[in-house]
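Take a look at the structure below.
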Amino acid sequence: MAEERTPNFIEQIIDRDIAEGRWGPAGDSSVIRTRFPPEPNGYLHIGHAKSIWLNFSIARRYGGRCFLRFDDTNPAKEDREYIEAIQEDVRWLGYAWDGPVRYASEYFEWMYELAKELIAKGRAYVCELSAEEVRQMRGTPGEPGKESPWRNRPAEESLDLFERMRAGEFPDGSKTLRAKIDMAHPNLNMRDPVMYRIVRKPHPHVGDRWCVYPMYDWAHGLEDSYERITHSLCTLEFENHRPLYDWFIDAINEGREEKIHHSQQIEFAKLLLTHVLLSKRNLLAMVQEGIVRGWDDPRMHTLRGMRRRGWTPESIRAFCEEVGVTKYNSLIDFGRLENAVREHLNAVAPRRMGVLRPLRVVIENYPEGKVEMMDAVNNPEDPGAGTRKVPFSRELFIERDDFMVDPPKKFFRLRPGGEVRLRYAYWITCTGFEADPQTGEVVLVRCTYDPQTRGGEAPPPAPDGTRRKVKGTLHWVSAPHAIKAEVRLFDRLFRAEQPGKATGDFRDDLNPDSMEVVRAMLEPALGPEPASDEPAWSDGIRRFQLERHGYFCVDPDSTPERMVLNRTVSLKDSWQKAKKQ
RNA sequence: UACCCGAUGGUGUAAUCGGUAGCACGACAGGUUUUGGUCCUGUUGGUCCAGGUUCGAGUCCUGGUCGGGUAGCCA
């Protein structure tokens, strides 16, 4: 309603349908009905998010309905675990389906009766060819296939056989029900496709009630029909299946008193991202080979992984909206997804200070034992987020990268003799440092502070009117108050835009530094107990911006004794970029 | 060598009936800034090719080129 966005090609079709009254009274958009129909055979990933977003946002746009339906037609591959996980992930993304969860398996009886109608009409037959024979007789693109010897058996015989298939009289794979279409059809899907196969496997939803299971092409249009889906949205690889989708519904309706609902299938391009692998096979390989720690590893682009990494549902939805829907197979730069989460988190994430690689600093003219509580802004983008108190004392930690003995040009951080601002605290000047005699590594920096700069304010101008300036502002943590934490710094899992494209093996493109674990020092507000002014997150996960570093969330591995933070994404860093040039 | 689909700056996506090719991201250059973040301003750069129809074509027609999909008793 609110958005002025121009309608995508699917919405344009729907607009026309509504104007013409194709699905109900002309002008009534509330008849629009979509569905998200996952097979419960794996965890949802960012690619599914696009489909979820599309179906649910269309229903919302038109005031229609969107169902969640498990397309559970193949018990050999499906599992209860996924039925639970998928619902959880859809909810996490922020969507509520209309009514109960639907299951294709609950429509099997109806489908079975319709199959018998087709047999009776001579549009389907029981075939006794083996899988291998069917494959060989299908022909190839360019040359026609051969007809099954069972193709023209009497309808009564097929009917009898089909009933006995269901009754469990025949072994797995021994017979199939096939549609009688055209073995010379240029579209391979139309060469007498299999409608039912015999499979004896316990089904995750309906148990052992069935031993014949419908194939996708036969089942899917019927599922849509049963639920009176108006627009059945799917990905481009089903384009060649649409003629069959339509053929089945038309064949059923031919000569039938009571017509069944005929949804319109519309195909769109699935989400393709650089630096990411989403296929079930590759995801599984990464888990099984220990490349990642599991399906919810923060480097994985399963929705579970992204949730643990700190991605927000809001940012994923905004990303889908941003990249849009077309029939063009585009490859989206992963940076777009990172931008989306930065944009959301920049607006709402509370700012905190945390030192990832600590370097000790002593303020030599600051009294020992003195502690001042400094006022720090929680979010400069949101004045309503308020302020907090941060303790300051004589001994601090600053970032190792923020001090250099012999810095390059344009380095505005701390150096011997140099002055910088400590954010919300004081201006300090470096008076010396100590290095490890063995390694040369700096282990301590000595500074003095200017009491006139409390809060980080510039000191009053000198009598001659000149004003002192500092170029750099550093974050810091008071050493005696610091909270020790484990911080996991994640980076892309793959270095190549298209992992595996160069050599054929994605393992060759793995980023060896996709996870770095550091012992960090955090300000007290980052303790195990949420501060009272932290925002309420839709999923209850605590998220922060560590100033000058990036966005982080609290990992479930955290305990009251030890905080564990995950870096969702770093801040943009024009200094890093400048250094590389 | 079959069938289906697609093609607009670096990337993604708009352009009503055929009528000024726009927006976002990136890159680059400035400005603001107590985060080298954010924000603001500016610059850069595009209709796959060849014909045709038309006063006028990204849009319509014809032919090509390039890219994707399709030969599971998977979905």
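Here is the naming used below: chain letters follow the sequence lines, and residue numbers restart at 1 for every chain.
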Does the ring of A:Trp210 carry A:Arg166 above it, NZ/CZ under 6.0 angstrom from centre and within 45° of its axis? yes
Please collect all side chain to side chain donor-acceptor pair (under 3.5 Å) contacts where either partner lies in residues 326-335 of chain A, sequence neighbours excluded, each pair once. A:Glu239-A:Lys327
Using ring pair (Phe, Tyr, Trp, His ring centres under 6.0 Å) as the criterion, list what pairs up with A:His344, not counting sequence neighbours. none
A:Glu143 near the nucleic acid: base, sugar-phosphate alone, or nothing, with a heavy-atom cut-off under 4.0 Å? nothing
For A:Asn339 and A:Arg197, take the nucleotide of RNA chain B holding the closest heavy atom to each; which residue's nucleotide lies nearer the 5' end? A:Asn339
For RNA chain B, the dot-bracket pattern of Watson-Crick and G-U pairs whose distances stay under 3.5 Å, | for other-strand partners: .((((((..((((.....[..)))).(((((.......)))))....(((((..]....))))))))))).....
Using the P atom in both, what is the distance from B:U41 to B:C60, to the nearest Å? 36 Å
Residues in salt bridge (Lys or Arg N to Asp or Glu O under 4.0 Å) contact with A:Glu163, at least two apart in sequence or another chain: A:Lys116
Sugar-phosphate or base contact per nucleotide [nucleotides 35-43 of chain B; S, B, -; heavy atom under 4.0 Å]: BBBB-----
Are A:Thr140 and B:A2 close enough that a side-chain N or O sits under 4.0 Å from OP1 or OP2? no
Going by salt bridge (charged side-chain N to carboxylate O under 4.0 Å, His left out), name the pairs with one or both residues in residues 172-188 of chain A, residues two or more places apart or in two chains. A:Glu128-A:Lys175, A:Asp172-A:Arg200
So, for A:Phe108 and A:Tyr196, which heavy atoms are closest and what is the spacing to 0.1 Å? O-OH, 4.5 Å
Nucleotide by nucleotide, nucleotides 10-22 of chain B touches protein heavy atoms under 4.0 Å in the pattern (B base, S sugar-phosphate only, - none) -BSSSS-------
Under the rule for salt bridge (Lys or Arg N to Asp or Glu O under 4.0 Å), what residues qualify as partners of A:Arg191, not counting sequence neighbours? none
For the residue pair A:Asn339 and A:Arg336, confirm or rule out a side-chain donor-acceptor distance under 3.5 Å. no
Side chain to side chain donor-acceptor pair (under 3.5 Å): which pairs involve residues 263-285 of chain A, sequence neighbours left out? A:Arg22-A:Gln264, A:Asn41-A:Lys280, A:Arg242-A:Glu267, A:Gln265-A:Glu267, A:His275-A:Arg492, A:Ser279-A:Asn282
Holding to salt bridge (Lys or Arg N to Asp or Glu O under 4.0 Å), I want the full list of residues that pass it with A:Arg317, two or more places apart in sequence or in another chain. none
Is A:His241 touching bases, backbone alone, or none of the nucleic acid, heavy atoms closer than 4.0 Å? base
For residues 137-150 of chain A, which residue pairs pass the salt bridge (charged side-chain N to carboxylate O under 4.0 Å, His left out) check, not counting sequence neighbours? A:Glu147-A:Arg151
Counting C-beta onward and ignoring hydrogens, is there a side-chain heavy-atom pair between A:Val355 and A:Ile398 closer than 4.5 Å? no
Could you check which residues of residues 128-138 of chain A get a heavy atom under 4.0 Å from RNA chain B? Sort them by number, please. A:Leu129, A:Ser130, A:Ala131, A:Arg135, A:Arg138
Between B:G69 and A:Lys270, is there an OP1 or OP2 to side-chain N/O distance shorter than 4.0 Å? no
